[in-house]
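Working notes, structure below.
What you see is a predicted model, and the numbers here were worked out from it, not measured in a lab.
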Amino acid sequence: TFVNGKRGERHALQAGDKIQLGETLVYFLEEMQSEEATSPVRKGELTGQEVEGYRLGRLLGRGGMGIVYEALQVSLERTVAFKVLSQELTSDPALIQRFIAEARAAGRLSHANIVAVFHVGQSGALHFYSMEYMAGGSVEDLLRKEGKLEVARTIRIILDAARGLEYAERHGLIHRD
(Lines give C-alpha, C1' and ligand atoms only; values in the text may rest on other atoms or scores of the structure.)
Protein backbone atom coordinates (compact mmCIF):
# COMPACT_ATOMS: atom_id res chain seq x y z
CA THR A 1 0.00 0.00 0.00
CA PHE A 2 1.30 3.41 -1.01
CA VAL A 3 -0.04 6.87 -0.16
CA ASN A 4 1.10 9.57 -2.60
CA GLY A 5 3.86 7.27 -3.83
CA LYS A 6 5.27 6.51 -0.37
CA ARG A 7 4.99 3.07 1.18
CA GLY A 8 2.77 2.90 4.26
CA GLU A 9 2.66 6.65 4.92
CA ARG A 10 0.02 7.61 7.50
CA HIS A 11 -1.60 11.01 7.55
CA ALA A 12 -5.01 12.65 7.37
CA LEU A 13 -6.19 12.26 3.77
CA GLN A 14 -6.71 15.45 1.78
CA ALA A 15 -8.07 16.33 -1.66
CA GLY A 16 -5.60 15.16 -4.29
CA ASP A 17 -4.17 12.28 -2.24
CA LYS A 18 -3.69 8.97 -4.03
CA ILE A 19 -3.70 5.52 -2.43
CA GLN A 20 -2.31 2.61 -4.42
CA LEU A 21 -3.40 -0.88 -3.42
CA GLY A 22 -1.57 -3.25 -5.75
CA GLU A 23 -2.60 -2.08 -9.22
CA THR A 24 -5.70 -0.26 -7.95
CA LEU A 25 -5.52 3.51 -7.52
CA VAL A 26 -7.94 5.42 -5.26
CA TYR A 27 -8.03 9.22 -5.52
CA PHE A 28 -9.51 11.74 -3.10
CA LEU A 29 -10.90 14.67 -5.07
CA GLU A 30 -11.55 18.27 -4.11
CA GLU A 31 -15.11 19.43 -4.65
CA MET A 32 -16.19 22.98 -5.37
CA GLN A 33 -19.68 24.38 -5.75
CA SER A 34 -20.83 24.80 -9.32
CA GLU A 35 -21.91 28.32 -10.24
CA GLU A 36 -24.82 26.91 -12.27
CA ALA A 37 -26.10 24.44 -9.71
CA THR A 38 -25.89 23.47 -6.09
CA SER A 39 -24.36 20.06 -6.85
CA PRO A 40 -20.60 19.79 -6.27
CA VAL A 41 -18.22 19.84 -9.21
CA ARG A 42 -14.94 17.94 -9.01
CA LYS A 43 -11.90 20.10 -9.48
CA GLY A 44 -8.56 18.78 -10.72
CA GLU A 45 -5.16 20.39 -10.64
CA LEU A 46 -5.48 21.52 -14.29
CA THR A 47 -9.02 22.92 -13.96
CA GLY A 48 -9.11 26.46 -15.38
CA GLN A 49 -5.90 26.11 -17.40
CA GLU A 50 -5.51 26.25 -21.17
CA VAL A 51 -3.41 23.55 -22.84
CA GLU A 52 -2.65 23.57 -26.58
CA GLY A 53 -5.99 25.12 -27.55
CA TYR A 54 -8.11 23.36 -24.93
CA ARG A 55 -9.63 25.18 -21.93
CA LEU A 56 -9.87 22.61 -19.13
CA GLY A 57 -12.91 22.49 -16.89
CA ARG A 58 -14.19 20.07 -14.29
CA LEU A 59 -12.55 16.76 -13.57
CA LEU A 60 -14.58 13.87 -14.98
CA GLY A 61 -12.57 10.95 -13.61
CA ARG A 62 -9.29 9.17 -13.08
CA GLY A 63 -8.03 5.83 -14.28
CA GLY A 64 -4.91 3.76 -14.07
CA MET A 65 -3.06 5.81 -16.71
CA GLY A 66 -4.63 9.20 -16.64
CA ILE A 67 -6.97 11.95 -15.57
CA VAL A 68 -9.95 13.05 -17.69
CA TYR A 69 -11.32 16.59 -17.77
CA GLU A 70 -14.27 18.18 -19.51
CA ALA A 71 -12.71 20.76 -21.83
CA LEU A 72 -13.53 23.27 -24.52
CA GLN A 73 -11.67 22.82 -27.79
CA VAL A 74 -11.39 26.55 -28.45
CA SER A 75 -10.82 26.40 -32.24
CA LEU A 76 -14.02 24.47 -32.89
CA GLU A 77 -15.98 25.72 -29.87
CA ARG A 78 -16.88 22.15 -28.90
CA THR A 79 -16.87 20.32 -25.62
CA VAL A 80 -14.50 17.36 -25.47
CA ALA A 81 -13.12 14.96 -22.92
CA PHE A 82 -9.42 15.67 -22.37
CA LYS A 83 -7.29 12.79 -21.03
CA VAL A 84 -3.92 13.58 -19.48
CA LEU A 85 -1.28 10.96 -18.71
CA SER A 86 -0.68 10.89 -14.94
CA GLN A 87 2.47 12.84 -14.03
CA GLU A 88 3.97 9.94 -12.09
CA LEU A 89 3.95 7.88 -15.32
CA THR A 90 5.68 10.45 -17.54
CA SER A 91 9.15 9.38 -16.36
CA ASP A 92 8.71 6.01 -18.11
CA PRO A 93 9.10 6.28 -21.93
CA ALA A 94 7.38 2.91 -22.39
CA LEU A 95 4.26 4.13 -20.59
CA ILE A 96 4.24 7.34 -22.63
CA GLN A 97 4.39 5.25 -25.82
CA ARG A 98 1.58 3.00 -24.52
CA PHE A 99 -0.57 6.08 -23.81
CA ILE A 100 0.05 7.46 -27.33
CA ALA A 101 -0.57 4.04 -28.88
CA GLU A 102 -3.88 3.82 -26.96
CA ALA A 103 -4.98 7.16 -28.41
CA ARG A 104 -3.89 6.29 -31.95
CA ALA A 105 -5.53 2.87 -31.86
CA ALA A 106 -8.82 4.34 -30.63
CA GLY A 107 -8.49 7.16 -33.18
CA ARG A 108 -8.51 4.64 -36.03
CA LEU A 109 -11.93 3.34 -34.98
CA SER A 110 -15.25 4.82 -36.08
CA HIS A 111 -18.32 3.23 -34.51
CA ALA A 112 -21.48 4.50 -32.80
CA ASN A 113 -20.60 2.60 -29.61
CA ILE A 114 -16.99 3.76 -29.34
CA VAL A 115 -15.90 7.20 -28.19
CA ALA A 116 -14.09 9.01 -31.03
CA VAL A 117 -10.55 10.28 -30.44
CA PHE A 118 -9.81 13.66 -32.06
CA HIS A 119 -6.26 14.67 -31.18
CA VAL A 120 -3.16 13.37 -29.40
CA GLY A 121 -0.43 15.75 -28.30
CA GLN A 122 2.14 16.98 -25.86
CA SER A 123 2.69 20.28 -24.09
CA GLY A 124 5.99 20.26 -22.22
CA ALA A 125 5.91 17.18 -19.98
CA LEU A 126 2.13 16.92 -20.32
CA HIS A 127 0.91 14.14 -22.63
CA PHE A 128 -2.77 14.19 -23.60
CA TYR A 129 -5.45 13.30 -26.06
CA SER A 130 -8.90 14.71 -26.69
CA MET A 131 -11.96 12.64 -27.41
CA GLU A 132 -15.69 12.79 -27.83
CA TYR A 133 -17.48 14.09 -24.74
CA MET A 134 -20.36 11.92 -23.56
CA ALA A 135 -22.75 14.35 -21.87
CA GLY A 136 -24.69 11.53 -20.21
CA GLY A 137 -21.58 10.25 -18.47
CA SER A 138 -20.55 6.65 -17.99
CA VAL A 139 -22.59 3.64 -16.96
CA GLU A 140 -20.91 3.98 -13.56
CA ASP A 141 -22.24 7.56 -13.33
CA LEU A 142 -25.70 6.33 -14.30
CA LEU A 143 -25.66 3.64 -11.61
CA ARG A 144 -24.53 6.15 -9.00
CA LYS A 145 -27.34 8.49 -9.96
CA GLU A 146 -30.19 6.03 -10.49
CA GLY A 147 -29.16 2.90 -8.63
CA LYS A 148 -30.26 -0.48 -9.90
CA LEU A 149 -31.37 -0.39 -13.56
CA GLU A 150 -34.27 -2.25 -15.16
CA VAL A 151 -33.32 -5.50 -16.92
CA ALA A 152 -34.37 -4.28 -20.40
CA ARG A 153 -32.26 -1.12 -20.07
CA THR A 154 -29.31 -3.11 -18.74
CA ILE A 155 -29.49 -5.49 -21.70
CA ARG A 156 -29.50 -2.54 -24.16
CA ILE A 157 -26.40 -1.09 -22.47
CA ILE A 158 -24.61 -4.45 -22.53
CA LEU A 159 -25.47 -4.98 -26.22
CA ASP A 160 -24.19 -1.51 -27.12
CA ALA A 161 -20.92 -2.16 -25.27
CA ALA A 162 -20.58 -5.60 -26.87
CA ARG A 163 -21.12 -4.13 -30.35
CA GLY A 164 -18.35 -1.61 -29.77
CA LEU A 165 -15.99 -4.25 -28.36
CA GLU A 166 -16.75 -6.60 -31.27
CA TYR A 167 -15.99 -3.83 -33.80
CA ALA A 168 -12.72 -2.98 -32.04
CA GLU A 169 -11.70 -6.65 -31.92
CA ARG A 170 -12.39 -7.04 -35.67
CA HIS A 171 -9.97 -4.14 -36.18
CA GLY A 172 -7.24 -5.71 -34.03
CA LEU A 173 -7.83 -3.74 -30.83
CA ILE A 174 -8.45 -5.45 -27.50
CA HIS A 175 -9.84 -3.33 -24.63
CA ARG A 176 -7.70 -3.83 -21.51
CA ASP A 177 -10.20 -2.52 -18.95
Side-chain angles (χ1 to χ4, degrees), residues 4-5 14-18 25-142 144-145 160-161 164-165 167-168 171-177:
N4 299 326
Q14 300 173 356
D17 283 349
K18 177 183 76 174
L25 297 175
V26 178
Y27 294 89
F28 290 87
L29 305 176
E30 176 183 350
E31 291 189 344
M32 61 183 189
Q33 289 299 317
S34 168
E35 294 172 10
E36 305 90 36
T38 57
S39 64
V41 174
R42 294 190 294 185
K43 181 179 179 189
E45 60 190 51
L46 296 176
T47 296
Q49 295 188 31
E50 191 162 320
V51 177
E52 299 294 318
Y54 296 89
R55 194 169 304 126
L56 278 55
R58 69 187 174 108
L59 185 122
L60 296 174
R62 294 181 189 248
M65 287 194 77
I67 303 162
V68 182
Y69 292 87
E70 181 178 338
L72 175 69
Q73 184 178 12
V74 178
S75 63
L76 295 176
E77 296 181 346
R78 73 172 162 189
T79 301
V80 299
F82 190 88
K83 185 171 187 176
V84 178
L85 180 64
S86 295
Q87 279 188 308
E88 58 266 15
L89 303 180
T90 59
S91 61
D92 185 340
L95 287 175
I96 292 171
Q97 289 309 310
R98 186 170 141 196
F99 182 80
I100 293 168
E102 174 185 295
R104 288 180 176 157
R108 287 191 292 273
L109 301 177
S110 178
H111 188 274
N113 301 112
I114 298 176
V115 171
V117 172
F118 301 134
H119 177 220
V120 62
Q122 178 180 356
S123 177
L126 193 72
H127 297 270
F128 65 88
Y129 61 88
S130 68
M131 56 193 152
E132 184 179 6
Y133 174 72
M134 304 304 294
S138 67
V139 174
E140 182 180 356
D141 294 335
L142 179 66
R144 235 184 269 119
K145 181 180 174 185
D160 285 347
L165 290 168
Y167 176 86
H171 288 82
L173 184 68
I174 305 300
H175 197 292
R176 294 184 203 212
D177 293 340

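- Closest approach of V68 to A81, counting heavy atoms only: CG1-CB, 4.0 Å.
- Side-chain contact between Y69 and K83: absent, with no pair of heavy atoms (C-beta onward) separated by less than 4.5 Å.
- Taking CG from L46 and CD from Q87, the interatomic distance works out to 7.5 Å, rounded to the nearest 0.5 Å.
- A heavy-atom distance below 4.5 Å is not found between the side chains of L56 and T47.
- Residue pairs meeting the side-chain hydrogen bond (donor to acceptor under 3.5 Å, both in side chains) criterion with at least one member in residues 108-121, sequence neighbours excluded, are Y54-H119.
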For this session: Dump the intermediate steps for side-chain contact (heavy atoms from CB on, under 4.5 Å) on V51 and F128, then the final yes or no.
Result: CA-CA 9 Å; V51 177; F128 65 88; 4.2 Å; yes
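- Heavy-atom contacts from other residues, nucleotides or ligands closer than 6.0 Å to CD of E50 number more than 12.
- When all heavy atoms of M134 and V115 are compared, the closest pair comes out as CG-CG2, 3.9 Å.
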For this session: Before giving the answer on side-chain contact (heavy atoms from CB on, under 4.5 Å), spell out for I67 and L59 the whole-Å C-alpha distance, their side-chain angles and the decisive distance to 0.1 Å.
Result: CA-CA 8 Å; I67 303 162; L59 185 122; 3.3 Å; yes
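- Applying the salt bridge (Lys or Arg N to Asp or Glu O under 4.0 Å) rule to pairs touching residues 114-140 yields E140-R144, sequence neighbours excluded.
- Taking each heavy atom of V84 and F99 in turn, the nearest pair found is C-CZ, 4.0 Å.
- Considering only residues two or more places apart in sequence or on other chains, R104 meets the side-chain hydrogen bond (donor to acceptor under 3.5 Å, both in side chains) condition with none of them.
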For this session: Step by step, work out the side-chain contact (heavy atoms from CB on, under 4.5 Å) result for L89 and I96.
Result: CA-CA 7 Å; L89 303 180; I96 292 171; over 6 Å; no
Problem set entry | Chi angles and distances behind the side-chain contact (heavy atoms from CB on, under 4.5 Å) call for R55, Q49 | CA-CA 6 Å; R55 194 169 304 126; Q49 295 188 31; over 6 Å; no
Mind listing the side-chain donor-acceptor pairs of residues 120-127 below 3.5 Å, one per line with the distance, residues two or more places apart or on another chain?
| residue | atom | partner | partner atom | Å |
| --- | --- | --- | --- | --- |
| Q122 | NE2 | G124 | O | 2.8 |
| S123 | OG | E52 | OE2 | 3.4 |

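- Considering OG of S130 and CG of L72, their distance stands at 11.5 Å, rounded to 0.5 Å.
- Looking at residues two or more places apart in sequence or on another chain, you find a side-chain contact (heavy atoms from CB on, under 4.5 Å) between E70 and R58, L60, T79, Y133.
- Residues D141 and G137 share a closest heavy-atom pair of OD2-CA, 3.5 Å.
- Scanning for side-chain hydrogen bond (donor to acceptor under 3.5 Å, both in side chains) contacts around D160 gives R163, with sequence neighbours left out.
- The two residues L173 and A105 have their closest heavy-atom pair at CD1-CB, 3.5 Å.
- Between Y129 and F82, a ring centre-to-centre spacing not shorter than 6.0 Å is recorded.
- A168 and L109 make their closest contact through CB-CD1, 3.9 Å (heavy atoms, listed as atom of the first residue, atom of the second, distance).
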